[in-house]
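In what follows, chains carry the letters A, B, and so on, assigned in the order in which the sequence lines appear, proteins first and then strands, with residues in each chain numbered from 1. Just so it is clear, the structure is predicted and the values come from calculations on it, not from any experiment.
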Protein chains: 2
Amino acid sequence: MAPPTPTFSPLYQQIKSLILRALEAGEWAPGQTIPSEQELAVRFGVSQGTVRKAIDELAAENILLRRQGKGTFVSSHHDPRALFRFLRLVPLNGGAAQPVSVPLECWRARAGQEASKNLQVAMGSPLTIIRRLLKFDVKPVVVDEIYLPGEMFQGLTLEVLQDWEGSLYSLFESRFGLRMIRASERVRAVAAERAVAEMLGVAEHSPLLSVERVAYTYADKPVEWRRGLYSTADHFYLNELN
Amino acid sequence: MAPPTPTFSPLYQQIKSLILRALEAGEWAPGQTIPSEQELAVRFGVSQGTVRKAIDELAAENILLRRQGKGTFVSSHHDPRALFRFLRLVPLNGGAAQPVSVPLECWRARAGQEASKNLQVAMGSPLTIIRRLLKFDVKPVVVDEIYLPGEMFQGLTLEVLQDWEGSLYSLFESRFGLRMIRASERVRAVAAERAVAEMLGVAEHSPLLSVERVAYTYADKPVEWRRGLYSTADHFYLNELN
DNA sequence: TAGTGGTCTAGACCACAAA
DNA sequence: TTGTGGTCTAGACCACTAC
């Protein structure tokens, strides 16, 4: 006897995949609308309700953004609301909530063991590395070291970074067509080494938050690995558990 | 001219509220099934689809749990899967993933300014305070100090805590009928004071994670405030950003 | 006024679990 | 076999936005 089909995939999941593939292929640009539910229903040969359920899930994953009366939009890191989706840092007592990125260095290197594991690239493959400061209201709060697969970020230089107004991810989106969809962070407490302590204006050996992040684009492909050292003298890392 | 009705609440939201109210009133016990969608549809006088959408949202909030073919269950902290919903601590290199709670002290006090603010109770109102250790595989990793509104936790003693096998929240659920629905955590890095350093087996002034949590039950009512100090020598705090 | 997403319904059928 | 949740459809109507 043949086994009963072990793989059952609901129609709306298949539609979801098709929409994702279209997004991945750049068929609709970030910030722009996708076709209406009715149009997509015709295109895919299913009912509007099925398209709706597919879009519902993509909206829940922050990949699409629905706006009643206007349409469904491809979400974009240009949207200022998108910033704090990935930066969970909040001032302790009021203070400036808008951070400013200050690029310090940008250079090329080759992937070591750790980078190769986190970015799922071969050992020795080219990397682009960024070091930068995050300031809240003139005050430095975070030092980041950011590892990127070199092939995907051709032409990324310190000048490009310095000329950019806005978040890193919005630069990645505009300049390199890479959209970060989700990320995973590992948080630990570490003692500040001297160089970092100086940059953040804290005493050597002060406790800092070490935040290691791997960020993924479509199809769960990792495209960024970063390590941030956060001074939590005036800020905290906020996490909502649901 | 009268303004056009500024308050529009979809039917399914109203149904959702009704279900929440029933849960709050204890009409269905944690771990047990609620009536079928069809039954609820009849009870509330709406279509099954409307009940479904209400339940969908409650399931997304981890308040209900759907199981195809079996029914819809009231989620419970007895479910072992529920543990890591609130404890985001993961071993660095394998190691025991199941923590053991070791209650150290349990005493009464009166709410100071901070407790009063976090628990939304009056200054001077009675509190129950717990101090406990969390061990992974014999090794102490977390020291917690937990502040609870005294009225809601009558009869909570060190003996009760020591006799309980399982998580704190499952005790709260069984013994005091209080279910934690969501929580908000503020994470910072701090230096270990001597007493804490000794308990965790680390050097004085070692960097630790300070995790302050306010946990809420139905209707966003805060019922627990705790501060944990985490040793991140062998563990890290994991956070998924979506 | 037209077009979008949002809600609600009724009904058919499928997948899964338990008896 | 029965009962549960899960999927899919078709159609009506509502709320919001823009023209």
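Listed by residue number, the members of residues 62-73 of chain A with any heavy atom below 4.0 angstrom from DNA chain C are A/R66, A/R67, A/Q68, A/G69, A/G71, A/T72.
For B/T50 and C/dT9, the shortest distance from a side-chain N or O to OP1 or OP2 is below 4.0 Å.
Both A/V46 and B/I34 lie close to DNA chain D; mapped to their nearest nucleotides by heavy-atom distance, the more 5′-ward contact belongs to B/I34.
Atom P of nucleotide D/dT4 and atom CD of B/Q32 are separated by 16 Å, given to the nearest angstrom. For the pair A/I55 CD1 and C/dT4 C1', the computed distance is 11 Å after rounding to whole Å. With rounding to whole Å, A/Q14 atom CD is found 12 Å from D/dT7 atom P. In this structure, A/Y12 places its OH atom 13 Å from C1' of C/dA15, rounding to the nearest Å. Regarding B/Q13, its CD atom lies at a distance of 13 Å from the P atom of C/dG6, rounded to whole Å. We find that NZ of A/K16 is positioned 18 Å from C1' of D/dC8, with the value rounded to whole Å. One atom, CD of A/Q48, and another, P of D/dA10, lie 11 Å apart when rounded to the nearest Å. Regarding A/F8, its CZ atom lies at a distance of 11 Å from the C1' atom of C/dC16, rounded to whole Å.
Side-chain contact check for B/S170 and B/W164: at least one donor-acceptor pair (N or O, by modelled atom type) lies under 3.5 Å. Residues A/N239 and B/Y237 bring a donor and an acceptor atom of their side chains to less than 3.5 Å of each other. Under 3.5 Å, the side chains of B/S75 and B/R179 contain a donor-acceptor pair of N or O atoms.
Taking the side chain of B/L11 as heavy atoms from C-beta on, and the options D/dT9, C/dG5, C/dT9, the nearest nucleotide is C/dT9. In the set C/dT9, C/dG6, D/dG6, the nucleotide with an atom closest to the side chain of B/S47 is C/dT9. Side-chain atoms of A/S36 lie closest to C/dG5 of the nucleotides C/dG5, D/dC8, D/dG6.
Between A/Y169 and A/H77, the ring-plane angle classifies as perpendicular under the 30° and 60° cut-offs.
Atom-to-atom distance recorded for A/S116:OG and A/Y147:OH is 13.5 Å, nearest 0.5 angstrom.
By the 6.0 Å and 45° rule, B/R182 stacks over the aromatic ring of B/Y216.
For A/E27 and A/R43, the salt-bridge test passes: some basic side-chain N is under 4.0 Å from an acidic carboxylate O.
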